[in-house]
There are 2 protein chains.
Amino acid sequence: MTGIKKATIRDVAARAGLALGTVSRVLNDHPSVTPQARKSVQEAIEALGYQRDAVAGSMRNARTKMVACAIRDFDIPAFASYVKAAEGVFRRAGYTLLLASTSNEKDVELALLRGFAQRRVEGVMMTMSDEADAELAETIAGAPMPIVLIDRELLPDVDRVMADHQSGAEQAVQHLMSLGHRRIGMIVGDPAAYPSRSRIAGYRRVHAQRGVAVDEALIRDHALSNEIAFRETCALLSTADRPTALFVAAMDMLAGTLRALRSNGLQPGRDIDLVAGSDSDLAELGTPPISALSWDRAEMGRHAAEMLLDRIRDPQPRAPRCVRLPVSLVVRGRPYDGLPRR
Amino acid sequence: MTGIKKATIRDVAARAGLALGTVSRVLNDHPSVTPQARKSVQEAIEALGYQRDAVAGSMRNARTKMVACAIRDFDIPAFASYVKAAEGVFRRAGYTLLLASTSNEKDVELALLRGFAQRRVEGVMMTMSDEADAELAETIAGAPMPIVLIDRELLPDVDRVMADHQSGAEQAVQHLMSLGHRRIGMIVGDPAAYPSRSRIAGYRRVHAQRGVAVDEALIRDHALSNEIAFRETCALLSTADRPTALFVAAMDMLAGTLRALRSNGLQPGRDIDLVAGSDSDLAELGTPPISALSWDRAEMGRHAAEMLLDRIRDPQPRAPRCVRLPVSLVVRGRPYDGLPRR
DNA sequence: CAGAGTCAATGAACCGGTTCCAAATCCGCT
DNA sequence: AGCGGATTTGGAACCGGTTCATTGACTCTG
């Protein structure tokens with residue numbers, strides 16, 4: 001917290017006995033500088049403790065070397081994994097990451113996009129609350145910087161990285177049906193976003209293939225938090241003809257469902273079968289261990305970051321790219337030992 | 001991605017038929033502007049789709065309205081909770097958060113601090129790998145912006161927010177001793193950082209109070225990841241006179257320890273007693289549930305953010321502040337049913 | 001040795017805001 | 001009407017870099 005005025009490039013130039021343009025060229029590794037000039041500039045920099053001002057450097061033409069990420073809630077472990085992997089890629093490329101949670105609120109998303117544009121951020125990685133919202137779609141398509149969407153699929157002209165949640169859901173439901181279940185409850189998030197929408201599609205597809213009618217009451221599509229997952233699970237369990245298995249398809253909602261089971265005196269694996277929509281320590285290490293859908297989260301973050309850097313480096317309009325990562329079912333626990341019970 | 005050149009404040013002034021100074025005053029809510037001038041400026045802004053350039057705005061004098069956070073690994077749920085809470089406070093105050101993981105590497109920490117200073121970040125929230133390192137201490141003390149340390153205690157002149165991990169460790173060890181244990185293994189992180197150091201101090205203190213000699217071999221202080229926690233737990237279990245209880249004191253390492261127990265055929269609660277150093281869904285919902293230390297993580301993040309904003313708003317040198325949040329033991333699981341077993 | 005060509009160095013102009021002094025305008029009062 | 005003080009407006013200077021046309025020195029060639 002020194003109060004001393006910071007040295008500028010002009011101070012360095014004066015001390016080195018050179019013009020400020022020469023100093024600038026030294027700083028930017030421009031080829032046409034004599035080794036001798038380079039040396040005296042470096043000495044002056046050392047002597048004055050000069051530090052380049054990135055704000056000023058971004059003024060005229062050079063870019064800001066900043067990228068941003070606006071994601072629903074980055075304290076959800078899966079999202080934290082994406083972001084951490086992406087941040088590593090960005091940092092190694094000399095970019096700094098701006099991060100914000102949107103809490104899945106459209107207004108926050110719009111405000112953040114505006115703020116990022118004002119800060120001249122060079123690219124954005126984001127989710128959005130509602131893929132069908134025209135204002136969001138327009139703002140994203142018209143943004144002054146490239147955008148990569150995470151786990152969102154509408155907006156055909158925008159790069160995106162996603163996991164194949166439909167396939168995942170199909171595997172989960174197949175698995176439960178192969179264990180004999182026909183009434184499978186589903187705890188899932190808002191279908192306005194791709195992950196939940198495609199999981200529901202997968203759920204329906206397997207039912208259709210197997211000729212099992214879907215009971216709409218079994219699909220609970222409001223889970224955005226563990227508290228809601230708890231309530232929705234309780235609701236499912238309190239119906240007359242209650243499900244014999246649950247597909248906890250929303251991200252990171254297994255804990256809420258387990259709490260609900262526990263408070264209803266039910267044990268997973270004994271009284272009800274479960275598949276979790278995203279893998280976690282809790283699914284792996286619970287008793288019994290719980291089958292879960294899994295995909296490479298770090299890979300997803302890295303992909304997103306690299307696609308974004310690509311666009312930044314080469315801003316020519318090109319066909320949008322879409323990376324879809326495979327989702328696989330990790331089967332756990334003792335095999336189900338018979339018919340569903342009440 | 002419109003290719004149209006963006007409107008500047010001068011374009012707005014021209015269109016409104018006013019001077020650029022007047023436009024600037026309108027933008028900054030300066031009082032001495034007639035409602036009429038304000039109106040025509042706003043119309044011009046609307047018509048041109050003008051957006052203020054935050055980079056240019058920060059050039060002359062105004063601040064950057066950016067704060068940064070450099071934390072060990074923000075995909076650790078506890079850290080993600082801190083950061084999310086802090087980001088909310090910052091965003092509501094009009095600040096944007098820059099985030100980076102340091103992976104607990106000194107070089108990364110130093111490089112990030114330098115980068116933040118160059119970007120004219122107004123404040124920093126951070127952890128550091130080694131509190132005793134002179135170069136880090138000097139860089140932090142001499143930083144051009146205020147810094148708040150998270151869960152770090154040395155550096156008496158710097159604001160800091162921490163949890164009372166020593167008290168937590170004491171409660172954990174007391175609890176285990178009151179269950180009859182005398183050989184308590186400890187999985188803990190690097191004592192170069194406050195949390196592990198103070199947990200070890202708490203462990204020793206309770207031993208001393210109870211007149212139990214500390215077997216140094218029971219303190220495994222290298223756990224920075226679940227893989228290491230796994231190995232360290234295995235090492236503890238393979239000793240001749242193995243511990244009858246474990247205090248898994250490192251942040252978020254319970255999963256590694258549970259994997260080790262499982263692969264050694266041991267069940268927590270039956271074959272060995274556990275206390276986790278940080279609470280999690282896994283501790284709460286495992287079978288049996290595992291006692292854990294708990295503190296208000298969101299509160300910690302909010303405190304840190306507010307202390308930082310305070311310093312930014314009033315940069316007068318003041319006595320450093322230190323907030324220490326209480327840690328409490330959440331006791332879970334069936335009471336231990338007898339003497340320790342092998 | 002003149003002329004062309006190469007390369008390093010110079011420093012004014014520029015980026016798009018904010019700041020602030022000076023000028024213009026307005027208003028109330030005698 | 002004339003004056004003083006307050007308020008609003010104008011616009012040049014400034015922030016600290018980058019860019020680039022220009023200059024100057026030096027080398028190469030015929």
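Here the structure is a predicted model, which is why all the values come from computation and not from measurement. Chain naming here is simple, since letters A, B, ... match the order of the sequence lines and numbering starts at 1 in each.
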Item to check | Candidates D:dT9, C:dG17, C:dA9 - which lies nearest the side chain of B:Tyr50 | outcome: C:dG17
Checklist entry - For B:Gln36 and D:dT9, what is the distance between atoms CD and P respectively, to the nearest whole Å? => result 8 Å
Next on the checklist: Just N and O in the side chain of B:Thr22: are any of them under 4.0 Å from OP1 or OP2 of D:dG10?
Outcome noted: yes
Checklist entry - With nearest nucleotides of DNA chain D determined for B:Ala37 and A:Ala56 from heavy-atom distances, which residue corresponds to the more 5′ nucleotide? => result B:Ala37
Checklist entry - Touch check for B:Ala54, heavy atoms < 4.0 angstrom, all strands: base, sugar-phosphate only, or nothing? => result nothing
Checklist entry - Between B:Asp310 and B:Arg321, does at least one N-O distance fall below 4.0 Å, as a salt bridge requires? => result yes
Next on the checklist: Looking only at the side chains, is there a donor atom on one of A:Ser58 and A:Arg63 sitting less than 3.5 Å from an acceptor on the other?
Outcome noted: no
Next on the checklist: If you assign each of A:Gly21 and A:Arg120 to its closest nucleotide in DNA chain C, which residue comes earlier from the 5' end?
Outcome noted: A:Gly21
Next on the checklist: Once you apply a heavy-atom cut-off of 4.0 Å, does B:Arg25 come out as touching a base, just sugar-phosphate, or nothing?
Outcome noted: base
Checklist outcome for this item: Heavy-atom nearest pair, A:Leu154 first then A:Leu149, reads O-CD1, 4.4 Å
Item to check | Distance-only donor-acceptor test (3.5 Å): side chain B:Arg10, base C:dG17 | outcome: yes
Checklist entry - When the distance from NZ of A:Lys39 to P of C:dA8 is rounded to whole Å, what number comes out? => result 18 Å
Next on the checklist: So if I take every side-chain heavy atom of B:Met59 and compare against D:dG16, C:dA9, C:dG17, which nucleotide ends up nearest?
Outcome noted: D:dG16
Item to check | Whole-Å distance separating the CZ atom of A:Arg60 from the P atom of C:dG17 | outcome: 16 Å
Checklist outcome for this item: Here the distance between atom C1' of D:dG10 and atom CG of B:Leu18, to the nearest Å, is 10 Å
Checklist outcome for this item: With the side chain defined as heavy atoms from C-beta on, B:Thr34 is closest, among D:dG17, C:dT18, D:dT8, to D:dT8
Item to check | Interatomic distance where CG belongs to A:Leu20 and P belongs to D:dT18 [whole Å] | outcome: 9 Å
Checklist entry - To the nearest angstrom, how far is B:His30 atom NE2 from D:dT8 atom P? => result 10 Å
Checklist entry - Is there a donor-acceptor contact under 3.5 Å from the side chain of B:Asn28 to the main chain of B:Arg25? => result no
Checklist entry - Within less than 4.0 Å of OP1 or OP2 of D:dG17, is there a side-chain N or O belonging to A:Ser24? => result no
Checklist entry - Is any NZ, NE, NH1 or NH2 atom of the basic residue among A:Arg302 and A:Glu306 found under 4.0 Å from an Asp or Glu carboxylate oxygen of the other? => result no
Checklist outcome for this item: Nearest heavy-atom contact between B:Ser40 and B:Ala16 is O-CB, 3.8 Å
Item to check | Sugar-phosphate only, base, or nothing, as touched by B:Val33 at under 4.0 Å among non-hydrogen atoms | outcome: sugar-phosphate
Item to check | OP1 or OP2 of C:dT18 under 4.0 Å from side-chain N/O of B:Arg52 | outcome: yes
Item to check | Atom-pair distance (CG on B:Asp53; C1' on C:dT18), nearest Å | outcome: 13 Å
Checklist entry - How close or far is atom P of D:dT18 from atom CD of B:Gln118, stated in whole angstroms? => result 11 Å
Checklist entry - Contact class for A:Thr8 vs. all strands (heavy atom < 4.0 Å): base, sugar-phosphate, or nothing? => result sugar-phosphate
